[in-house]
Amino acid sequence: MANVVVVGAQWGDEGKGKIVDWLSQRADVIARFQGGHNAGHTLVIDGKVYKLSLLPSGIVRGGKLSVIGNGVVLDPWHLVMEIDKLRGQGVQINTENLMIAENAPLILPLHGELDRAREEQTASAGAKIGTTGRGIGPAYEDKVGRRAIRVADLGDEATLIARIDRLVGHHNALRAGLGIAPVNRDDLLAKLRAIAPQVLPYAQPVWKVLHEARLAGKRILFEGAQGALLDIDFGTYPFVTSSNVIAGQAATGTGMGPGAIDFVLGIVKAYTTRVGEGPFPAELKDELGERLGQRGHEFGTVTGRKRRCGWFDAVLVRQTCITSGVTGIALTKLDVLDGFDRLKICVAYELDGKRLDYLPTAADQQARCTPIYEEIEGWSETTAGARSWADLPAAAIKYVRRVEELIGCPVALLSTSPEREDTILVTDPFVG
């Protein structure tokens with residue numbers, strides 16, 4: 001049985017939630033391997049909308065095991081709130097269908113406070129990163145700095161107190177420099193004591209659970225958050241997230257070896273969007289960009305922030321297909337392009353008079369890259385709800401084929417609306 005990694009191949013918001021949900025009917029286990037509750041996945045099932053930030057998308061399906069891996073930074077209060085919200089929508093969540101890695105680090109209130117204070121400071125200096133302010137970055141910093149509080153620590157009072165004291169000492173020094181009041185250590189301890197009984201029942205050695213599932217022939221679907229262009233190493237640094245987003249993180253973020261990965265599915269929107277700051281060579285700052293945003297309902301699931309929009313950037317997607325080892329792509333939101341007479345695809349960049357087929361690493365060079373476009377015929381017919389190639393206009397098929405050629409990777413799935421079943425399957429990632 002094949003195991004599949006799903007990664008966003010742009011700047012996030014590509015429609016991973018729907019695709020993971022659609023694929024989860026073929027999977028036995030769905031595992032989140034990085035990020036935190038800064039992710040936003042919207043699922044539409046039988047007309048009912050579910051909005052997830054932390055829980056794996058497979059949680060809305062019965063009979064599946066959902067796993068939050070050690071590569072995720074976990075806000076325990078948000079976890080409980082999201083569980084309660086979904087239960088209110090009729091979703092069954094219990095210790096049989098949800099597991100959390102014992103070694104997952106926690107996001108604490110002090111992380112969000114530090115995140116927001118830093119963002120305010122950098123904004124006043126004109127160097128705003130555009131974080132969600134939810135403490136993701138500071139939590140990863142504490143993980144790497146070996147001072148994080150992890151899920152397992154909630155089960156031992158002595159360990160928890162020792163970890164809190166070390167963490168608070170570090171953060172109080174930072175807060176003094178930023179003009180923030182010291183952490184209320186006793187209040188933090190009380191909050192963790194109160195939340196522990198609601199989190200610990202889900203704690204498991206996830207690496208062991210997944211290993212046993214693989215030995216039993218179970219199909220595992222690895223779910224990432226954000227997009228590869230926000231990867232801490234290969235994204236548009238420093239305007240990135242604080243974790244590795246590319247497919248290789250699925251192994252380290254769950255405790256499985258790289259040999260467990262059989263197929264990498266890159267989720268790609270039929271045009272390009274970005275939330276927040278940073279370079280965006282193919283951005284449209286005109287009526288066409290507004291039209292794409294309105295038709296695509298381009299507002300962040302988590303933050304509500306308006307997304308910047310532009311034409312499809314084949315240079316960037318080709319690059320992320322390489323860094324994530326993408327086997328096939330799921331092309332989403334094709335229906336948003338319905339009604340455009342002419343479409344453009346970015347096929348290269350011009351930098352100081354030279355043609356480039358990749359985005360350079362240096363920030364100043366990224367900012368100076370201008371897109372080189374190829375124009376292609378649009379279509380007036382609708383693609384919304386199409387479930388077979390025969391339902392698509394010829395010009396839409398031509399557009400899809402040209403995307404495949406330019407990124408050097410085949411389309412495995414084609415999504416034509418937010419509805420789960422409005423999907424054209426070309427290659428089943430689990431067959432292999």
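Considering only heavy atoms from C-beta on, His171 comes within 4.5 Å of His111 through its side chain. At a threshold of 4.5 Å between non-hydrogen side-chain atoms, the residues Val151 and Asn103 do not count as touching. Residues Leu74 and Ile107 are not in side-chain contact: their nearest non-hydrogen atoms beyond the backbone lie 4.5 Å or more apart. Thr273 places none of its side-chain heavy atoms less than 4.5 Å from the side chain of Arg308. Looking only at side-chain heavy atoms (C-beta outward), Val317 and Gln10 come within less than 4.5 Å of each other. Between Glu283 and Pro371 the shortest side-chain heavy-atom distance does not fall below 4.5 Å. Side-chain contact between Pro429 and Leu23 is present, with at least one heavy-atom pair separated by less than 4.5 Å. Using a 4.5 Å cut-off on side-chain heavy atoms (C-beta onward), Asn3 and Leu221 make no contact.
For CD of Gln92, the number of neighbouring non-hydrogen atoms (other residues, nucleotides, ligands) closer than 6.0 Å is 12 at most. Within a 6.0 Å sphere centred on CD of Glu96, other residues, nucleotides and ligands contribute 12 heavy atoms or fewer. Residue Arg342 places its CZ atom among more than 12 non-hydrogen atoms of other residues, nucleotides or ligands, all under 6.0 Å distant. In this structure, Trp77 places its CH2 atom where more than 12 heavy-atom neighbours from other residues, nucleotides or ligands lie under 6.0 Å away. For Lys48, the NZ atom is densely surrounded, since the number of other residues' heavy atoms within 6.0 Å is greater than 12. No more than 12 heavy atoms of other residues, nucleotides or ligands lie within 6.0 Å of CD in Glu377, so this atom counts as exposed by the packing criterion. Within 6.0 Å of atom OH in Tyr237, 12 or fewer heavy atoms from other residues, nucleotides or ligands are found, so the atom counts as exposed in its surroundings.
Between His37 and His78, the ring-plane angle classifies as tilted under the 30° and 60° cut-offs.
Checking side-chain atoms of Asp364 against main-chain N and O of Ala367 turns up no donor-acceptor pair under 3.5 Å. Between the side chain of Arg219 and the backbone N or O of Ala2, no donor-acceptor pair lies under 3.5 Å. Remark: side-chain polar atoms of Tyr399 are paired, donor with acceptor, to backbone N or O of Ala270 under 3.5 angstrom. Although no hydrogens or angles enter the test, the distance criterion places a donor-acceptor pair under 3.5 Å between the side chain of Thr327 and the main chain of Val264. Not a single donor-acceptor pair under 3.5 Å links the side chain of Arg368 to the backbone N or O of Leu351. The main-chain N or O of Asp13 is found under 3.5 Å from a side-chain atom of Lys269 such that the two form a donor-acceptor pair. A donor-acceptor distance shorter than 3.5 angstrom exists from the side chain of Gln366 to the backbone of Pro360, with no hydrogens or angles considered. A donor-acceptor pair under 3.5 Å is absent between the side-chain atoms of Lys16 and the main chain of Glu223, judged by distance alone. A donor-acceptor contact shorter than 3.5 Å is absent between the side chain of Lys398 and the backbone of Pro393. A donor-acceptor contact shorter than 3.5 Å links the side chain of Arg274 to the backbone of Pro279.
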**Asked** Are Lys18 and Ser57 close enough, and set up right, to give a side chain to side chain donor-acceptor pair (under 3.5 Å), and what steps lead you there?
**Response** CA-CA 8 Å; Lys18 172 199 167 170; Ser57 298; over 6 Å; no
**Request:** For the pair Leu425 and Leu413, evaluate side chain to side chain contact (heavy atoms under 4.5 Å, CB included) and give the outcome as yes or no after the intermediate values.
**Result:** CA-CA 5 Å; Leu425 176 65; Leu413 295 167; 3.1 Å; yes
**Request:** Determine, step by step, whether Leu106 and Leu192 satisfy the side chain to side chain contact (heavy atoms under 4.5 Å, CB included) criterion, reporting the C-alpha distance in whole Å, the side-chain angles of both residues, the deciding distance to 0.1 Å, and the verdict.
**Result:** CA-CA 10 Å; Leu106 299 181; Leu192 288 171; 4.3 Å; yes
**Message:** As a quick check of understanding, evaluate ring-ring contact (aromatic ring centres under 6.0 Å, His included) for Trp11 and Phe280, giving each step before the final call.
**Reply:** CA-CA 10 Å; Trp11 276 294; Phe280 186 170; 5.2 Å; yes
**Request:** Report the C-alpha separation of Ile68 and Met99 in whole Å, then their side-chain angles, then the decisive distance to 0.1 Å, and conclude whether the side chain to side chain contact (heavy atoms under 4.5 Å, CB included) test is met.
**Result:** CA-CA 6 Å; Ile68 296 176; Met99 292 183 182; over 6 Å; no
**Request:** Could you give me the CA-CA distance, side-chain angles and deciding distance for Lys64 and Asp28, then say whether salt bridge (charged side-chain N to carboxylate O under 4.0 Å, His left out) is met?
**Result:** CA-CA 5 Å; Lys64 312 290 180 181; Asp28 302 297; 5.2 Å; no
**Request:** Could you please spell out the steps behind the salt bridge (charged side-chain N to carboxylate O under 4.0 Å, His left out) verdict for Glu119 and Arg116?
**Result:** CA-CA 5 Å; Glu119 191 71 355; Arg116 292 186 290 274; over 6 Å; no
**Prompt:** Can you list the steps and then say if Lys306 with Glu290 is a salt bridge (charged side-chain N to carboxylate O under 4.0 Å, His left out)?
**Reply:** CA-CA 10 Å; Lys306 185 178 180 181; Glu290 287 291 325; 2.9 Å; yes
**Message:** As a quick check of understanding, evaluate side chain to side chain contact (heavy atoms under 4.5 Å, CB included) for Asn97 and Ser66, giving each step before the final call.
**Reply:** CA-CA 6 Å; Asn97 68 356; Ser66 290; over 6 Å; no
**Request:** Please step through salt bridge (charged side-chain N to carboxylate O under 4.0 Å, His left out) for the pair Arg402 and Glu405, ending with a clear verdict.
**Result:** CA-CA 5 Å; Arg402 186 56 180 149; Glu405 293 172 357; 2.8 Å; yes
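The two atoms that bring Leu114 and Leu178 nearest to each other are CD1-CD1, 3.4 Å, heavy atoms only.
The distance from the CD atom of Glu375 to the CG atom of Leu343 is 8.5 Å, given to the nearest 0.5 Å. Remark: Ile376 CD1 to Trp379 CH2 distance equals 8.0 Å, nearest 0.5 Å. Going from atom CD1 of Ile30 over to atom CD1 of Ile59 covers 8.5 Å, rounded to the nearest 0.5 Å. With rounding to the nearest 0.5 angstrom, the OG1 atom of Thr320 is 10.5 Å from the CG atom of Asp231. The line from NZ of Lys344 to CG of Asp313 is 14.0 Å long, rounded to the nearest 0.5 Å. A distance of 4.0 Å separates OG1 in Thr241 from CD in Gln226, rounded to the nearest 0.5 Å.
Checked by atom type, the side-chain pair Glu298/Tyr271 shows a donor-acceptor distance below 3.5 Å. Residues Ser243 and Gln34 bring a donor and an acceptor atom of their side chains to less than 3.5 Å of each other.
Cation-pi check for Arg387 over Trp389 is not met; the charged atom does not lie both under 6.0 angstrom from the ring centroid and within 45 degrees of its normal. The cationic group of Arg32 does not satisfy the cation-pi geometry with Phe222, failing either the under 6.0 Å distance to the six-membered ring centre or the 45° limit from the ring axis.
For the side-chain contact (heavy atoms from CB on, under 4.5 Å) with Leu79, the lone residue among Ile195, Asp84, Leu55 that qualifies is Leu55. The side chain to side chain donor-acceptor pair (under 3.5 Å) test with Thr383 singles out one residue from Asp335, Thr416, Asp338, and that residue is Asp338.
Using a 4.0 Å cut-off between a side-chain N of Lys or Arg and a carboxylate O of Asp or Glu, Lys218 and Glu212 do not qualify as a salt bridge. At a threshold of 4.0 Å, the pair Arg146-Glu141 does not count as salt-bridged, since none of the basic side-chain nitrogens sits closer than that to a carboxylate oxygen. A salt bridge between Asp428 and Arg26 is present, with a side-chain N of the basic residue lying under 4.0 Å from a carboxylate O of the acidic one.
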